[in-house]
Structure formats: C-alpha cells, structure tokens
There are 2 protein chains.
Amino acid sequence: MTKKKKNRSFLQEKEGINPPETLNKNAAAALRANRKKLPSTEKLIAGILNHDEISLSRAITIIESTAAKHQNQAKQIIESCLPHANKSVRIGITGVPGVGKSTFIESFGKQLISKGKRIAVLAVDPSSSLSKGSILGDKTRMEELVKEKNAFIRPSASGETLGGVARKTRETIILCEAAGFDVIIIETVGVGQSETAVHSMTDFFLLLKLAGAGDELQGIKRGIMEMADTIVINKADGENLKAAKLAKTEFNRALHLYPSKENDWTTKTLLASALKNEGIVEIWDTIANYFELTKKNGFFEKKRKEQDKFWLMQTIEGRLKSDFYSNASVKKEMEIQLKLLHENKTTPFEAAEKLLKLK
Amino acid sequence: MTKKKKNRSFLQEKEGINPPETLNKNAAAALRANRKKLPSTEKLIAGILNHDEISLSRAITIIESTAAKHQNQAKQIIESCLPHANKSVRIGITGVPGVGKSTFIESFGKQLISKGKRIAVLAVDPSSSLSKGSILGDKTRMEELVKEKNAFIRPSASGETLGGVARKTRETIILCEAAGFDVIIIETVGVGQSETAVHSMTDFFLLLKLAGAGDELQGIKRGIMEMADTIVINKADGENLKAAKLAKTEFNRALHLYPSKENDWTTKTLLASALKNEGIVEIWDTIANYFELTKKNGFFEKKRKEQDKFWLMQTIEGRLKSDFYSNASVKKEMEIQLKLLHENKTTPFEAAEKLLKLK
C-alpha cells in the first residue's frame, strides 16, 4: 500500500513522447495547483451576487460542511450575503409520503417561472442522514423543473440533529436570496417535527392532503392543520374528484373550529391535480393574496422577526443543554444521581441541584 | 417610630401586683421563647410519620415557603420522608371549569374512604398566583370531604412558574405518602399546560367531560385525550343522560383512532353523576383494574421511574435557561444582538454564538 498513486493526469509526460513546447514543468505544476484550489471566498460571494448557480452551490456546500476549515469561510459568505437577503417570499410545503409533493412542486414551480419568477427549492429531511434516501431523490424526482434555467433545486441538507439541519437550511435561504431568487420553496417530508421547523422559517405554509386518507386526526393532534395557511387536496381528478370535494367541505368545517388567526387570514382549502396541472393557478393567486394582505397589515415582517428570535433562543437553549450534558463531571455524577433516583433515595429536584453545582 | 413596642404579654409584671411565686424572670423568658418557636424539624417529621395532619400541614407550608431559612429544613423533611414515600397510588383529575370537578372529587373521595382508604387531595393551579381565586376555593368547595377524618385537602400551591408549582406538588406528594395516605388525588384546572404537569406526576389520569360541550377538538389538539386513562362523562343524569350516552359512543370512536398504549390498557369511557352518586363505584373499579394490570406488567413502576427522570431533566434545563438569561452580561449583549437581528445585520445563529461566549 506504500506504492505511489499512479499519476493519471494528462499533463504527465509520457516516455518517448516529447512534451509540446507550451508545456514545461512549471506550467504543469501551476495548472495542477489551480485545479485543486476552490474559488476564493470573494469569488464565491461575487458569483452569488451575480446570480451564478455554480457559486451558489459551492457556497452551500461550504455552509453544510462540518470541517473546521470551512467555518470561517461560511461565516464570511453569510455576512456578505445578509445585506442582499430577505427579499424573497418563503413557502413551506408539507404532506405525508405519497401525497404527490414532487409532482406538485414541479407543476407549481413551472407556473411561477412562467410568471417570471426565479425559484429555489430546498428540502428539510432530518431522516435523510439515516436513510440517505432523499439525497439524490429530490433532484431526480423533479425532472422537468431541474432543467429550467430559473430554478435551483438543492437536495436535503443532512445532519445529526433537526436543529443542525434547520440551521443549514436557514443559512441556505440567505444565500439563495442573495443570489436573486424570488420564491424559496422549502419542502419537508411530513414526518416527525420537521413541519414545525419548516413552519418556523417560512412566510406561508401549504399543507398537501389526499381525499379520504384518514390522517385528519394526526394532523389536528400534531398541530399541523393549525399551522397551515392553505390546505390543498391533491390528486383531485378522475374518480377521485367527488371524494376530494367532500374532503374540502370536511376540512373547511374542521378549520372553522379553530380561533381566527392573528394575521386576519382565513385558511383556505383548495383542490388541485398537479399531474394534470389543474388548480395550480388558483393556488398561486391565493398565496399572492396572502402576501398582499400580510405585507399590508405588517404581519409578514412581524412574523419574520419572531422567527429570528425563535431561532436565536432555540440555538442558545440547544447549546446550553448539549454543553451541560456532555460535560465529563456531569456525565459521571449523572450516573450516580440516576441510581439514587432509581432507588428512591433522592428526589429529581435534589438530584438536579447536585448536578447543577458542577456547571 | 422609635417608641418601644408595648409588651402585651400576660406574663408581664404589673405595677403594684406581686407576681406569683412560680413566675420569675427566667421562667417568663423561657416561656416566651418557646411560644415563638415552631415545632422542631424532628418533631414535624415524627408527626408526619405518625399520621398527624397538623404536622403534615406545617411541613407543607415549609416546603412551599420561598424564605431562605426554610430551604434547609424543607430538605431535611423530604429526605426523612423519602424512605416512607412511594406507597400510594396517584390519580390526576382534570376537566374544564364547570365540568363539576369538586363535586366529583367529593363523591369519589367519600367512596374511597368508605373502602377504608386514606386520601389526600392536592391541586395544581398555576394561575392561582395571579387570581388568588382557588387558594380558599378548594377547601370550601369540598364541604363534606373536608370533614372526613381520613381526608386531607390542601389548596393549590402558588408560585411564579408552573415548574415551581409542580416541584412543590411533587414534594407534597412525598410528604402525604409518608403520612400514610393511600390515594393521592391531584386536581388541575384544565387550562394551560397544567394537565401535562399533572400527567407527569400521577399514575392514572382521569379526564372529566360533559356531553355536547364541543371541546373535543381542543382535547385532541392539546393531547389531553391521549393522556387520559379513563374519560368520565359527568352530569349524566336526567335530561342529560341521552346526550351523555351518545357522547360516550363518540369518544370511544375517537379513542379507537389512537394507537394502542404501551401499558396494554384500553382507555375507557364511563358515565357518572357525581351529584347523584351514580357511576362512582364503577369508576373506582376501573381504576383498581388499571392498577392491577400495570403493577403486574411492570408499567406502573416503569412510569414512575420515567417521571423521575422527566422532572430531573425539566429542573436542570429550566435552571440552565434561567441562569443564562438572567446573567447581567448576557442581558446587555442580548439587547445588542436583538437590535442587530432586527436590522438583518446578523443571523440568529451568529447572534447565539456571540451570546454563548459570555457564559
């Protein structure tokens, strides 16, 4: 294994063949070095601001990187992009697997592009680090959208924790906005707590449903229906249409039971067939109405400010906990206290005090 | 205001009247000192273990006290009671105002006493520190139960935070158990997050409902129906009986949609009229069945251990946060960072890092 790795470069000299005059050893070395070098931070930033998708992609990779050497670079890129951010609308889209999210986003995205918008599609999938399923999936699923000049599709950021994934997504939004995208679509897989995370980083939350799927109770229970600004019943075509119309009535009745929202917006239920491109225009009209209303009454701006504070607190509190629990003496004492607790020899409060003294 | 406070003691000497022979200055001083002294910690503990309700009451007052001088005493009392605790069953009872909680607990409590049980009724009401409404309320509402020798009724612990109230209630449970109470009933007002707190400190959770109250959605949304081990539809009498029977069918259908519980218990819906003392026997039979099942399959013990861990973590994390946010330099920097965040000059994550460095 100590054998030197074979040099496969076409810049190498072959025995018996004289190198062309333009190729000398110095030039070859310079070329090689240059190829290995990533563009400088300044070049990446300039590229992003110049709407260059390759620069954007590379910058996102740096942000997603966990390598120490990228931390500072990531910080610089974000700082430079910040003054150019906050100019898009951010739309969250969720729905259980099988509801037709990709087809819907493809149809919806093409509609936006036809209206002259530039759109970026990001995905939040905290499970992808386990399954690795969606890394390629997102791109291949939206076959037509991926070919569009004005669409940028980025597969899920992977990460150990939902908090980590959420942070990367929030920072990616900033970069996409600096790269001039008007509409940022953030898709989530509709399992776990990712909806809450996506709801906390978007301006508008769209819930995709199927007629008669019977998961209404789950949606109510987990607060997802309450988060929705619009419910779209997808696959409302052919034999499904009648059931979809019934479901629309049912959803509207259920929504009626919720108290009215602070933003004066009444959650709408719409029908769509993403496959047949039906109802998509109406959905964008509804969303545009929402933005008109909430930008006028100040809710749009207010919500973004609240989201910023939410993520600030989330980040702080997450770190306070992880720092505490990973502390070596806390770990050791925790074992002792848990044992005492198990044997009813202490109370949770007494044990907590012992542990907190080690901070 | 520098005038010396008038000595009103009958032990004082009056001019012209000779003190009786048994009364000398030393004896008077000793008597005075003794009268001001509360029973010693040892005496209180002995009283509790001897099932003396006055000692129990005084000890709970010490635990509820925020005065520094009581902290150590409280700690000693709890430590001495711990080996005698954990021998009761703890029942949480919740329901919206108007559902008839007091009448139900009175009827239910008397039923338990007739079976030879000694019961303690505690209340968790995080709003009481604001309204002060329930401090006296609990006692006067349960007119008959309060007269029973084997019943101990303690009004809500007040406190600034739900966490604080919950801690005091948990510690009061330990004292009540050491004082030999077999059944601890913990009532909550059915608003806010108090149900979750009570659910996390009881073995069995009973949800009181009215027929046709229309708050089913709220119950599902807030996860209360899911927490319930039994739903009791109260006021199921007279003209209400038919509606109550209908409600029972509806609840059972809704409960059917939930996944089955880890403890092999199926949530029951029962009818009762606390006012007419109807259905109360069946409710206790159901609860007794629950305890038989869960003590046999190990869930009872497992749940208590999990609750201990839950409160340990809750206490730690609550304190980590309050310590951090109340730190003077954090407070100062927080203002700066919030302003930068508001002006889009930083990200929540960057701001969090700046703040965390001050820890």
Side-chain angles (χ1 to χ4, degrees), chain A residues 75 78-79 81-86 163 166-168 170-171 174 214-218 220-223 225-226 254 257-258 304-305 307-321 323-325 330 334 337-338 341-353 355-356 359, chain B residues 75 78-79 81-86 163 166-168 170-171 174 214-218 220-223 225-226 254 257-258 304-305 307-321 323-325 330 334 337-338 341-353 355-356 359:
Chain A
K75 206 176 270 189
I78 294 165
E79 269 170 26
C81 285
L82 261 180
H84 308 277
N86 271 302
R167 172 177 185 156
K168 285 167 187 173
R170 286 263 316 185
E171 292 174 341
I174 292 169
D215 60 345
E216 288 75 15
L217 190 75
Q218 284 294 325
I220 296 172
K221 241 179 67 191
R222 291 170 50 218
M225 265 190 57
E226 203 172 3
L257 293 166
Y258 286 101
R304 284 211 174 174
K305 296 300 170 202
Q307 288 176 341
D308 278 343
K309 272 192 214 168
F310 170 82
W311 288 104
L312 172 65
M313 301 304 172
Q314 280 280 104
T315 309
I316 288 175
E317 288 159 21
R319 269 275 286 289
L320 288 177
K321 281 196 257 178
D323 285 357
F324 182 78
Y325 291 125
V330 168
M334 180 65 90
Q337 292 300 325
L338 283 176
L341 200 57
H342 191 81
E343 293 164 349
N344 292 322
K345 285 180 182 159
T346 187
T347 69
F349 313 105
E350 192 56 28
E353 263 161 43
L355 284 158
L356 284 161
K359 203 173 60 154
Chain B
K75 205 176 269 189
I78 295 165
E79 269 170 26
C81 286
L82 262 180
H84 309 277
N86 272 301
R167 172 178 185 157
K168 286 167 187 172
R170 287 264 314 186
E171 291 174 340
I174 292 169
D215 60 345
E216 289 74 16
L217 190 75
Q218 284 292 326
I220 297 172
K221 240 177 69 191
R222 292 170 50 219
M225 265 189 56
E226 203 172 3
L257 293 166
Y258 286 100
R304 284 212 173 172
K305 295 299 170 203
Q307 288 177 341
D308 278 342
K309 271 192 213 167
F310 170 82
W311 288 104
L312 172 65
M313 301 304 174
Q314 279 281 105
T315 309
I316 288 175
E317 288 159 20
R319 268 274 286 289
L320 288 177
K321 281 196 253 177
D323 285 358
F324 182 78
Y325 291 124
V330 168
M334 181 64 89
Q337 292 300 324
L338 283 176
L341 200 56
H342 191 81
E343 293 164 349
N344 292 322
K345 284 178 182 162
T346 187
T347 68
F349 313 105
E350 192 57 28
E353 263 161 42
L355 284 158
L356 284 160
K359 203 173 60 154

Item checked: Glu350(A) vs Glu79(B), side-chain contact (heavy atoms from CB on, under 4.5 Å): CA-CA, chis, key distance, verdict -> CA-CA 9 Å; Glu350(A) 192 56 28; Glu79(B) 269 170 26; 4.2 Å; yes
Next item on the list: Determine whether more than 12 heavy atoms belonging to other residues, nucleotides or ligands lie under 6.0 Å from atom NZ of Lys305(A).
Entry: yes
Notebook entry, point to check: Top residue by heavy-atom pair count (under 4.5 Å) with chain A, among Asp323(B), Leu341(B), Ile78(B), Leu355(B)?
Noted result: Leu341(B)
Note to self: Looking only at heavy atoms and a cut-off of under 4.5 Å, which of Lys321(B), Arg167(B), Glu317(B) has the most pairs with chain A?
What the structure shows: Arg167(B)
Notebook entry, point to check: To the nearest 0.5 Å, how far apart are CZ in Phe324(A) and NZ in Lys359(B)?
Noted result: 10.0 Å
Check: Where does Phe310(A) contact chain B at under 4.5 Å (heavy atoms): side chain, backbone, both or neither?
Finding: neither
Notebook entry, point to check: Which pair of non-hydrogen atoms, one from Ala352(B) and one from Leu312(A), has the smallest distance, and what is that distance?
Noted result: N-CD1, 3.4 Å
Next item on the list: List the steps and the verdict of side-chain contact (heavy atoms from CB on, under 4.5 Å) for Ile316(B) and Met334(A).
Entry: CA-CA 11 Å; Ile316(B) 288 175; Met334(A) 180 65 90; 4.2 Å; yes
Note to self: Does any backbone or side-chain atom of Asp308(A) lie under 4.5 Å from a heavy atom of chain B? Answer side chain, backbone, both or neither.
What the structure shows: both
Notebook entry, point to check: chain B heavy atoms under 4.5 Å from Glu353(A): which part of the residue, side chain, backbone, both or neither?
Noted result: side chain
Check: Where on Lys309(A) is there a heavy atom nearer than 4.5 Å to chain B: the side chain, the backbone, both, or neither?
Finding: both
Margin query: Using a 4.5 angstrom heavy-atom cutoff, name the option from Leu338(B), Thr315(B), Leu320(B) with the most pairs to chain A.
Written below: Leu320(B)
